[in-house]
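In what follows, a structure is listed as structure tokens, so that the remarks can point back to it.
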Amino acid sequence: MAATGKAAVFLGPGKGYEIQEFDIPTPEPGGVVIKVSMGGICGSDLHIWRGDSPVFAMMAGNVAGHEMTGRVHSLGSDVKTDSLGRPLKEGDRVAYAYFYPCNRCYQCNRAEFAACPNKLLTMGPSPVSKFSGAYGEYYYLKPGGWIFKIPDEVTDEMATPVNCALSQVTYGLQKAGLRYGDTLVVQGAGGLGLNAIAVAKEMGADAVIAIDGIPSRLQLATRFGADAVIDMNDHPTPMDRITKVKQLTQNRGTDIVAEFVGVPAVVPEGLQMLREGGTYLEIGNISMGRTAEIDPSQLVWGSKRIQGVVMYDPWVIPEALDFLVRTREKYPHGDVVSHKFKLDDINNAFEDSEWAKEGQTTKVNRAVIVT
Ligand SMILES: [Zn+2]
Ligand SMILES: [Zn+2]
């Protein structure tokens, strides 16, 4: 058994990653060491890598990435089962959360784990291990971390987005109150947006409209169940796109608009795509300090609601896994991953995934690091 493993350490915004070796930890009684199989490059990782907010500089020096799947490498002495009480052993394939609600705050007391203000503080390296991110050969799941066995029908490509993209959109659409028969606009058909389309359809959405500017993503959006797509190349201005959404909805707008682009400018646009009384689900804009101008009277006169969501509650992961088993023949879950890179090539993986650079169009839907 190797005593050390490799991981990509974030050097800071705009500086990329450096591969370093760290000791494989011995787990605390409540901890689990996981051998990572695959780590996804999520839109959030691109924000951090670019440095879309000065706050992201504080993540330098840590192993990066949060979207991943792996196998149990070693179990702490107290860990006998997964979070649903099913026996757990070395070698089992697992999905797990990358954040740790504190269980010692007002929100945790109300079982609002996704809103725990302390969950981010617990995400970095622990005294036990530097393996605190997806881009490493190992990940150390700290004591109390939620962990679930993966059904055999779910491949690693399908399982990788479970702990971020799929769980995030499942939780978000429920928080936004999506109901049977609702209409939905998805702004941004990347990893989160594609998952949101399929989840919304399975929740009974009547019509889902996907907006993106990358043709391969729009094709996937249709395969994931989108009833209509709006190509930003054909509809270059916000007003073009708002008009198109209105045309598709008897001039009403949709019940819900979900934001997965991560650019503040799309928020005022999306608010105008909502019907009166509709809900705007805000998930993509994680970069603190970047702003957009909105007209608050639109919310008042339109009786519109904005629901922000980051992370999720624990029940979402097993529901997301069941969803994948149930719909594996219906949607091309495994096809979201378009490019695979070795850990040593992580800097190329990020360069190739970049879509926000002038003059660069990415062909990447979702890149993963295979370890
Ligand atoms: Zn993510
Ligand atoms: Zn808490």
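Starting from 1, each residue takes its place in the sequence as its number. Just so you know, ligand 1 is whichever comes first in the structure, and atom 1 is the first atom listed for that ligand.
- Of all protein N, O or S atoms, those under 2.8 Å from the Zn ion (ligand 1) number 3.
- Between Tyr138 and His73, the ring planes are perpendicular. Angles over 60° get that label, and only those under 30° would be called parallel.
- A side-chain hydrogen bond (donor to acceptor under 3.5 Å, both in side chains) with Tyr280 is found for one member of Lys304, Gln187, Arg305 and no other, namely Gln187.
- Between the side chains of Ser303 and Glu276, not a single donor N or O lies within less than 3.5 Å of an accepting N or O.
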Show the atom names and distances, to 0.1 Å, of all donor-acceptor pairs under 3.5 Å that link a side chain in residues 111-118 to residues at least two apart or in another chain.
none

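- By the criterion of a separation under 2.8 Å, the protein N/O/S atoms near the Zn ion (ligand 2) amount to Cys102 SG, Cys105 SG, Cys108 SG, Cys116 SG.
- There is no side-chain donor-acceptor pair under 3.5 Å between Glu67 and Asn163.
- Defined by atom type and a distance below 3.5 Å, a donor-acceptor pair is missing between the side-chain atoms of Glu319 and Tyr312.
- Salt bridge status for Asp255 with Arg179: absent, with no side-chain N to carboxylate O gap under 4.0 Å.
- Listed by first then second residue, pairs satisfying ring-ring contact (aromatic ring centres under 6.0 Å, His included) with a partner in residues 189-227 read Phe224-His333, not counting sequence neighbours.
- For the pair Arg366 and Trp355, the cation-pi test (distance below 6.0 Å, angle within 45°) is failed.
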